Amino acid sequence: MKRTITRRGLFGGVAAAAAVGTLAGAMPAARADVAAVNERIAQVAGGRPIQEGRVAIDAPEIAENGNTVPIAVSVDSPMTPEDHVKAIHVFADGNPRPDVCTFHFT
């Protein structure tokens, strides 16, 4: 599953927001719902809109082991001081806690 987001959305911290979907195979009662994930994305984005663009994420729809989920992220960016990726946030609505991970770049 691939989805792209603009640099502006990435800077807002929502690069991987909906791209991951349901990574973990947690029991339904222990899953975060879509509303909780969307609320968390809105907090990270600081109210900025999510737009499609230059970030692509490749992740499985469902992982056999929720503790080890391979994902690949690629960014179409010159990575110059004026135009670079600051952070990528990954969320999963299948997890009890929607925040999966955050990568900060310098």
Side-chain angles (χ1 to χ4, degrees):
M1 168 185 239
K2 289 186 180 187
R3 185 171 181 174
T4 57
I5 298 174
T6 65
R7 182 176 62 85
R8 180 175 295 272
L10 183 61
F11 285 151
V14 295
V20 176
T22 55
L23 288 178
M27 295 178 63
R31 298 169 70 140
D33 62 9
V34 175
V37 175
N38 289 337
E39 180 180 329
R40 182 64 186 123
I41 291 168
Q43 290 172 348
V44 171
R48 290 178 292 273
I50 299 171
Q51 302 172 1
E52 293 193 13
R54 303 185 304 176
V55 177
I57 297 176
D58 187 10
E61 187 72 31
I62 297 175
E64 191 172 309
N65 177 353
N67 293 320
T68 306
V69 181
I71 64 171
V73 178
S74 60
V75 181
D76 180 18
S77 174
M79 298 303 281
T80 63
E82 300 81 28
D83 185 8
H84 65 280
V85 176
K86 292 182 180 180
I88 294 177
H89 299 265
V90 179
F91 301 94
D93 60 7
N95 283 352
R97 295 183 183 173
D99 296 70
V100 174
C101 61
T102 300
F103 300 96
H104 294 278
F105 303 101
T106 59

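Reckoned from all heavy atoms, side chains included, excluding hydrogens, waters and symmetry mates. Note that the structure is predicted; figures quoted are calculated from it, not measured.
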Quick one: closest heavy-atom pair of [X] and [Y], and the distance?
X: P60; Y: P70; answer: CD-O, 3.2 Å
X: H89; Y: T102; answer: ND1-OG1, 3.1 Å
X: S77; Y: D83; answer: OG-O, 3.3 Å
X: P98; Y: A36; answer: CG-O, 4.4 Å

| With sequence neighbours left out, what residues match D33 under salt bridge (charged side-chain N to carboxylate O under 4.0 Å, His left out)? |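 Per chain and number, D33 pairs via salt bridge (charged side-chain N to carboxylate O under 4.0 Å, His left out) with no residue.
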
Taking side chain as C-beta onward, heavy atoms only, is V44 less than 4.5 Å from F91?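 Counting from C-beta outward, V44 and F91 do come under 4.5 Å.
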
Review point. Do the side chains of I41 and V34 join up, straight or via other hydrophobic residues, at under 4.5 Å, putting them in one cluster?
Key: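 I41 does not cluster with V34.
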
request  = Sequence neighbours left out, what pairs pass side-chain hydrogen bond (donor to acceptor under 3.5 Å, both in side chains) with at least one residue falling in residues 34-46?
outcome  =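 Of all non-adjacent pairs touching residues 34-46, those that pass side-chain hydrogen bond (donor to acceptor under 3.5 Å, both in side chains) are R40-Q43, R40-D99.
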
Margin query: Test of understanding: with side-chain contact (heavy atoms from CB on, under 4.5 Å), list the residues that count as partners of S74, not counting sequence neighbours.
Written below: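 Partners of S74 by the side-chain contact (heavy atoms from CB on, under 4.5 Å) criterion, ordered by chain and then number, come out as A56.
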
